[in-house]
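One structure is given here, and the rest of the page talks about it.
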Amino acid sequence: MTRLSALSQCILLTVVAFALPLNPTGAAAVERPLTVVVMDPMALPLSCDCVQGYAQRNYDALARFLENQLPRRVRVIYSESLGGAIRQSGDGAVDLIVGKDSVVRFDAVACKRNVRPIAALGDREGKTTFTGLFVVPAADPAGSLADLKGYRILLGPPASAEKHSAALAALRAVSVTMPKKPETRAGCGEAAIDAIESKTKPGTAAVISSYAAALLEGCGAIGKDELRVIGQTAPLPFVRVFAADSLNAAQQAEILKALLAVRNRPALLAALESKDGFVEIAADSVDSSNASAGEWPQWRGPHRDGVVPWLPKKFSDCTKIVWRKRMTGAGLAGIAATRRYVIVADRDAKDQDDIFRCLHADTGKQVWQLRYPAPGKLDYGNSPRATPVVRDGKVYLLGAFGDLHCLRLADGTVVWKKNLAGQFGAKPPIWGYCSSPLLVDDKLMVNPGAKRASLVAFDR
């Protein structure tokens, strides 16, 4: 049996299960079923059972749960693409899509469907992100991404951000240049096998999805320890639930409530191979990997490199000011912005309190503010220096004296707070805490600068 045939045996294509919708008030309605398209590569009908208890997510169990929670009929369509699911549906109906974030977004554009993420599904460790892995044959001398200069590098299709756009960004960061038209492979197995069997000098590397590594060995596509990981991309959102515009706001809220209730059902969590179930994604959340025009979710932009595709090549000679807002203190921190909100750090007139303001992006009108005492004296003023960070409907704020807050972006509610100097026994630097927090997977990285806590990761 060849490698490819062994892998192909692990691919199942389509399963359709029926399960009823209601109207927004909750009463049973004689309507078409709620149609849920499952594109999650970890779903059993789209994966295999080669690795016990892994990549065997049971979305039929989720459908039965939703029926009881809503209650309404649910129809589940398993497909590797949104276009394929639409064809299978018979009526073209799509209400919810569960799948890899970048692929769902890519397919939605191609199919001219408007969708927005409402929830993320965590894995068994509680993570909602994954990465692209750079792999080389075990005997290859490359030890890091920087060693891939001159290599033949096999990427994934553009729809798979972890194997394409994020991989290109990781290579650019270490000055590894790629052809204008990089070589791509449709699947992780094909790319991995080509890398192993390639005779190209100095060598061939491939980019595979982090979730696929165990499956490639489990399915027999590659032998144990045939490949070695030498680097990875920045974390990207993994499996998410997207709502189509066929659902109104009340229906979306009802479905989201039901999804969040999964966390209280141990058997269903096990069926979905998840520690915590679904996590809400607010309407105004921003992902650094998918930031669109006008979004600046953290220090130096979506990828912390000062690069965005939506800036014009040349600015107009005539500046049109949409609105202007005067702050009370010195502005030392960068701003963070979503399509709806602008987050800016400020200081009170008496120079005793930190103030973080959330302004409406279209009008400049203040939506909410966070104000707290932060007395002291620092070189170059006492205002916050660190740029806010926005992710999944929350904003993370760090003041110059070490006050760290997590707030709900929509209304400014404090989710949690810490003081780096007080908690870790650190003495603030003479310039104050300046480094903007960094999100790595679901960890928020900060640097207290204490003797026993130089760098700290909080659960975000």
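None of the values given here were measured: they were computed from a predicted structure.
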Heavy atoms only: give me the nearest P297-G301 pair and the separation to one decimal. CD-C, 4.2 Å
Ignoring hydrogens and geometry, is there a side-chain-to-backbone donor-acceptor pair from R75 to S89 under 3.5 Å? yes
Close side-chain approach of V98 to L121, heavy-atom, < 4.5 Å: no
For the residue pair W296 and V390, establish whether any side-chain heavy-atom pair is separated by less than 4.5 Å. no
Sub-3.5 Å donor-acceptor pair from the side chain of R263 to the main-chain atoms of L260, do we have one? yes
Which class fits the ring pair F356 and Y372: parallel under 30°, tilted 30 to 60°, perpendicular over 60°? parallel
Contact list for residues 449-458, test side-chain hydrogen bond (donor to acceptor under 3.5 Å, both in side chains), sequence neighbours left out: none
Restricting to salt bridge (charged side-chain N to carboxylate O under 4.0 Å, His left out), what partner residues turn up for D194, sequence neighbours left out? R185
Please determine which of L398, N447, D403 meets the side-chain contact (heavy atoms from CB on, under 4.5 Å) test together with L420. L398
Heavy atoms only: give me the nearest A192-I222 pair and the separation to one decimal. CB-CG2, 4.2 Å
Donor-acceptor pairs are to be reported for all side-chain atoms of residues 200-208 against protein atoms at under 3.5 Å, with residues two or more places apart or in another chain.
from : atom 1 : to   : atom 2 : distance (Å)
T200 : OG1    : S198 : OG     : 3.1
T204 : OG1    : S198 : OG     : 2.7

Kindly determine whether F134 and L171 satisfy side chain to side chain contact (heavy atoms under 4.5 Å, CB included), including the steps that lead there. CA-CA 10 Å; F134 290 83; L171 292 169; 3.8 Å; yes
When rounded to the nearest 0.5 Å, the distance separating CZ of F278 from CG of L62 is 5.0 Å
R304: which residues meet the salt bridge (charged side-chain N to carboxylate O under 4.0 Å, His left out) condition with it, sequence neighbours left out? none
Just how far is it from atom CD1 of I97 to atom CZ of R113, taken to the nearest 0.5 Å? 8.0 Å
Backbone N/O of A212 and side chain of S209: donor-acceptor pair under 3.5 Å: no
Restricting to non-hydrogen atoms, name the atom on A85 and the atom on V37 that form the minimum distance, rounded to 0.1 Å. CB-CG1, 3.5 Å
Geometric class of the F238/Y211 ring pair [parallel <30°, tilted 30-60°, perpendicular >60°]: parallel
Applying side chain to side chain contact (heavy atoms under 4.5 Å, CB included), run through V115 and L82 and close with a yes or a no. CA-CA 12 Å; V115 300; L82 181 56; 5.7 Å; no
Side chain of Q56, backbone of V51: donor and acceptor closer than 3.5 Å? yes
Hey, mind stepping through R240 and V104 against side chain to side chain contact (heavy atoms under 4.5 Å, CB included) and telling me if it holds? CA-CA 9 Å; R240 290 186 161 185; V104 173; over 6 Å; no
Hey, is the main chain of W299 close enough, under 3.5 Å, to the side chain of T387 for a donor-acceptor pair? no
Has the side chain of D95 got a donor or acceptor atom that lies under 3.5 Å from a matching backbone atom of T35? yes
Taking side chain as C-beta onward, heavy atoms only, is V136 less than 4.5 Å from L148? yes
Atom CZ in F106, atom NZ in K100: separation rounded to 0.5 Å? 12.0 Å
Start with the C-alpha gap between D101 and L236, add the side-chain angles, then the distance that decides, and say whether side chain to side chain contact (heavy atoms under 4.5 Å, CB included) holds. CA-CA 8 Å; D101 182 270; L236 299 173; over 6 Å; no
Say whether, by atom type as modelled, one donor and one acceptor occur between the side chain of H405 and the main chain of K417 under 3.5 angstrom. no
Would you find more than 12 non-hydrogen atoms of other residues, nucleotides or ligands less than 6.0 Å from W416 atom CH2? yes
Excluding sequence neighbours, so at least two apart, what forms salt bridge (charged side-chain N to carboxylate O under 4.0 Å, His left out) with R357? D346
Side-chain donor/acceptor of Q232 to backbone N/O of A170, under 3.5 Å: no
Heavy atoms, side chains only, cut-off 4.5 Å: are L215 and S47 in contact? yes
Looking at every heavy atom in both P157 and A186, which two are closest together, and how far apart are they? CD-O, 3.9 Å
If every non-hydrogen atom of F130 is compared with every non-hydrogen atom of P237, which pair is closest and at what distance? CE2-O, 3.4 Å
Salt bridge or not between D392 and R460? Use side-chain N to carboxylate O under 4.0 Å. yes
Non-hydrogen side-chain atoms of L409 and I343 separated by less than 4.5 Å: yes
Looking at Y54 and A214, what are the two nearest heavy atoms and their distance? CE2-CB, 4.0 Å
Considering only heavy atoms from C-beta outward, does the side chain of S160 approach that of V103 to under 4.5 Å? yes
Any side-chain heavy atom of L66 sitting closer than 4.5 Å to one from L259? yes
What distance separates D245 CG from N114 CG, expressed to the nearest 0.5 Å? 4.5 Å
Hydrogens and angles aside, do E162 and T233 bring a side-chain donor and acceptor to less than 3.5 Å of each other? no
Give every residue pair that meets the side-chain hydrogen bond (donor to acceptor under 3.5 Å, both in side chains) criterion with at least one member in residues 268-277, sequence neighbours excluded. none
From D140 CG over to D147 CG, what is the distance, rounded to the nearest 0.5 angstrom? 9.0 Å
Using a strict cut-off of less than 4.0 Å between a Lys/Arg side-chain nitrogen and an Asp/Glu carboxylate oxygen, indicate whether R347 and D354 qualify as a salt bridge. yes
Taking G399's backbone N and O only, do any of them form a donor-acceptor pair with Y433's side chain (distance below 3.5 Å, no angle check)? no
Note, L439 side chain near M445 side chain (heavy atom, < 4.5 Å): no
Would you compute the distance between atom CZ of R87 and atom OG of S79 and round it to the nearest 0.5 angstrom? 7.5 Å
Does a side-chain N-to-carboxylate-O contact under 4.0 Å join R64 and D60? no
Would you confirm whether T128, through its side chain, and G122, through its main-chain N or O, come within 3.5 Å as a donor-acceptor pair? no
